[in-house]
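Following: one structure in structure tokens, then a few remarks.
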Amino acid sequence: MHVMLAWFAAAPLPEPARAARMDRFERAAAEVVPDTWRRHEFGGDDWGVLVLHPADPGAYRWPAVGTEGPVTAVSLGIPVGLDTASGPAALAARLLAGEDVHREVVPPFALLALDRDRLALQQDWLGMARVFTGAADGVSAWCTRPSLLAAFLHGRARPDLAGWTSYTLCGHFGGDLSPIEGTRLLRPGERVTGRRRAEGGWHLATELRYATDDVVCGGHADQGRPLDERLDRAADALTRAAASLHPLHDAEVTLGLSGGKDSRLIAATLIAAGRTPRLVTNDDTPAEGEVARRLVQLLREKRGLRPDHQTRPAGAPATVLGTGLRERARRLAHLHDHQFPSTYLIRPAVRDRLPEAVRPASLTGAAGELAVGYWYPAADADPAPTPEQAGLTKLLAGVPHAAAAPEALAAERDRVTAVLAHARGLGLRDEHLVDYLYLVERMRRWCTSAYLTGMVTPFLAPGFVAATFALSVAQKRDRLLHTALIARLVPEWAEVPFVSAATGPSTAVRVWEGDGVAAVADLLDTAHGPLTGLVRRQAVERALRTAVRGGRLEPGPTRAPTGATYARLVAPPRPRTPATGRLAALRWIRRTRLGDRLWVTVRRRVRGR
């Protein structure tokens, strides 16, 4: 994603103050932004906008910065799903006029519109575009990277404890939380407007416009409509989203085709529309490659189509383990400002700096989970958990709860419970509460589309999301939407079974392989900052011991490595010494239920003395 900084002050700033802020920003940005990137700068003594992006736009027809007359548009992402025929400046003018131009967009996409003494900044309806905000000393600012925002506003970046608590328990930053103290992500549908005063300085206002709750409630209200009508709405939303990408990108589009249901439905939508994408399959799980090859073979046999199809491993040991775990983590955190899911540590190491060129457009099947009850408990679960219990269990699965600090687990439970209570307040019931949680938490903050320009998620077309909330729980469990639309669009694929998690093991590396155990063991010895208190160190050591037998996120709080933890982990287990005499008898007594109760009672009395 491009880098943008926009700031507006309540009063004109002296030149030294402006220069000092920009110098801090520039020095921090230089660590990650290539020198070859193009710069766009606008501003005065009470405002400024800086946009940095690759000089070569590749095949994209929608510019990051577009100016026509007095109106300038800064686009963060590409406006898939919108009518873009009139260009960026016209879209910005509509935003300045007060329109909800983001109603049909496929997130992530944010738009900043400037016109002389006016501004409008619009977040997408899901709140997925990575635009963070903060304020200090009369200056309000927005930036695509929270660390750079903190450098501009405060001159330093400190970890946000609430944000990292969420990351620890969920595997991503929840809600509007940020990894950096004093910053937050723009809320779903949030709009900032501003007007410059005659004497200088800006009057700013913030409001929430068309957003996630509007999409969800609109779909939920359609549950009584005929099924064919709901399926038509979903198919139309997918088709329009996929078709709208082509005017924005003048090159072949890639689709990751797995053996599962989501990418198959997107591929079927494109093929039915007469557009055959380039296909890529990650075959770390062999069954994925086998099923994907079968689907392509059917296209050749039944339709005479010969799509370009490549299969390759995503996490092959030879390409991953050449770089140590600690270095992979450092680079991943540095490149994406700590925000990328930690599950990507088992992928090849990323680069240290943002790419020189934008990546070609691609499609992903993320968010299809909303139509199949992906997080639902088993239908025959006994006892059946409440939707709230099921949602909490799924979302708070970043680490085993026994490994989390109790206060961290309690704080995150409270936060997620509040999200579920809000969903109930919207009128959602049963497992639709779980779908809402998946949408506003996992899709909004975990999905990697938010960080990569051109990675398009058609299932986040608002019409499709609404259609998923128009389905019943039973229809989602039966995968009705996927099976019905695939049978309608590419019927020859209807009988090919979907690959599931139970199909077979993956050949991708595990995080503890290579130097993984040694790297984490060294961290247990050396890392002693406040964030390490979010997990129980003993639980981490136990997990490492189990693995043996079968980036630096906080500045400063480290100690010299000793290797002590790693030595304990790899040491052979001590031989057990058989107990004899009275000690053996006591241990035998404790193995009985009554003996164990007596043991506990005696121990309590002794400790109570």
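Since this is a predicted model, take the numbers as computed values, not measurements. These numbers come from the heavy atoms of this one structure, side chains and all, not from hydrogens, waters or symmetry mates.
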Discussion item. Using the rule given for side-chain contact (heavy atoms from CB on, under 4.5 Å), can you reason through Arg191 versus Leu121, listing the C-alpha separation, both sets of side-chain angles and the distance that settles it, and then say yes or no?
Written reply: CA-CA 6 Å; Arg191 179 178 299 179; Leu121 173 61; over 6 Å; no
Practice prompt. Could you walk me through whether Ser178 and Asp160 pass side chain to side chain donor-acceptor pair (under 3.5 Å), step by step?
Written response: CA-CA 7 Å; Ser178 166; Asp160 182 87; over 6 Å; no
Cationic N near anionic O, under 4.0 Å, [X] to [Y]:
X: Arg196; Y: Asp46; value: yes
X: Arg209; Y: Asp100; value: yes
X: Arg415; Y: Glu412; value: yes
X: Arg24; Y: Glu26; value: no
X: Arg38; Y: Asp56; value: no
X: Glu327; Y: Arg330; value: yes
X: Arg187; Y: Glu207; value: no

Worksheet item: Yes or no on side-chain contact (heavy atoms from CB on, under 4.5 Å) for Leu345 and Val320, after CA distance, side-chain angles and deciding distance?
Response: CA-CA 9 Å; Leu345 290 173; Val320 176; over 6 Å; no
Minimum heavy-atom distance between [X] and [Y], given as atom pair plus value:
X: Leu409; Y: Ala404; value: CB-CB, 4.5 Å
X: Pro54; Y: Val358; value: CG-CG1, 3.7 Å
X: Leu148; Y: Asp337; value: N-OD2, 4.4 Å

Worksheet entry | Side-chain touch Leu321/Asp515, heavy atoms, less than 4.5 angstrom |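 SC-SC contact between Leu321 and Asp515 ruled out.
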Is it true that atom [atom1] of [X] has more than 12 heavy atoms of other residues, nucleotides or ligands lying nearer than 6.0 Å?
X: Tyr374; atom1: OH; answer: no
X: His401; atom1: NE2; answer: yes
X: Asp414; atom1: CG; answer: yes

Check the angle between the aromatic planes of [X] and [Y] and answer parallel, tilted or perpendicular using the 30° and 60° thresholds.
X: His53; Y: His2; result: tilted
X: Phe340; Y: Tyr344; result: perpendicular
X: Tyr436; Y: His422; result: tilted
X: Trp47; Y: Phe8; result: parallel

Got a donor-acceptor contact below 3.5 angstrom from the [X] side chain to the [Y] backbone?
X: Arg413; Y: Leu396; result: no
X: Arg331; Y: Val350; result: yes
X: Asp124; Y: Ala129; result: yes
X: His528; Y: Asp525; result: yes
X: Tyr210; Y: Val101; result: no
X: Arg445; Y: Leu177; result: yes
X: Thr133; Y: Ala141; result: yes
X: Gln123; Y: Leu186; result: yes
X: His334; Y: Asp352; result: yes
X: Thr212; Y: Trp125; result: yes

Discussion item. Does Arg145 qualify as a cation-pi partner of Phe132, given the criterion of NZ or CZ under 6.0 Å from the six-membered ring centre and within 45 degrees of its axis?
Written reply: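 Arg145 over Phe132 ring: no.
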Could you grab the distance from atom [atom1] of [X] to atom [atom2] of [Y], nearest 0.5 Å is fine?
X: Trp202; Y: Thr193; atom1: CH2; atom2: OG1; result: 10.5 Å
X: Ser75; Y: Leu111; atom1: OG; atom2: CG; result: 5.0 Å
X: Phe152; Y: Leu5; atom1: CZ; atom2: CG; result: 5.0 Å

Worksheet entry | Ser362 and Thr254: CA distance, side-chain angles, deciding distance, side chain to side chain donor-acceptor pair (under 3.5 Å) verdict | CA-CA 4 Å; Ser362 62; Thr254 298; over 6 Å; no
Discussion item. Is the distance from the ring center of Trp446 to that of Phe173 below 6.0 Å?
Written reply: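 Centroid separation for Trp446 and Phe173: 6.0 Å or greater.
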Worksheet entry | Ser342 vs Tyr167, side-chain contact (heavy atoms from CB on, under 4.5 Å): CA-CA, chis, key distance, verdict | CA-CA 9 Å; Ser342 60; Tyr167 190 92; 3.5 Å; yes
Practice prompt. Could you go through the side-chain contact (heavy atoms from CB on, under 4.5 Å) check for His249 and Ile78 one step at a time?
Written response: CA-CA 9 Å; His249 186 263; Ile78 53 176; 5.8 Å; no
Item to complete: For the pair Trp375 and Tyr438, evaluate ring pair (Phe, Tyr, Trp, His ring centres under 6.0 Å) and give the outcome as yes or no after the intermediate values.
Response: CA-CA 8 Å; Trp375 268 6; Tyr438 189 89; 4.8 Å; yes
Item to complete: Go through the steps for Thr457 and Thr364 under the test side chain to side chain donor-acceptor pair (under 3.5 Å), then give the verdict.
Response: CA-CA 5 Å; Thr457 309; Thr364 170; 5.2 Å; no
Item to complete: Give the intermediate values and the outcome of salt bridge (Lys or Arg N to Asp or Glu O under 4.0 Å) for residues Arg444 and Asp176.
Response: CA-CA 10 Å; Arg444 182 190 176 198; Asp176 309 325; 2.9 Å; yes
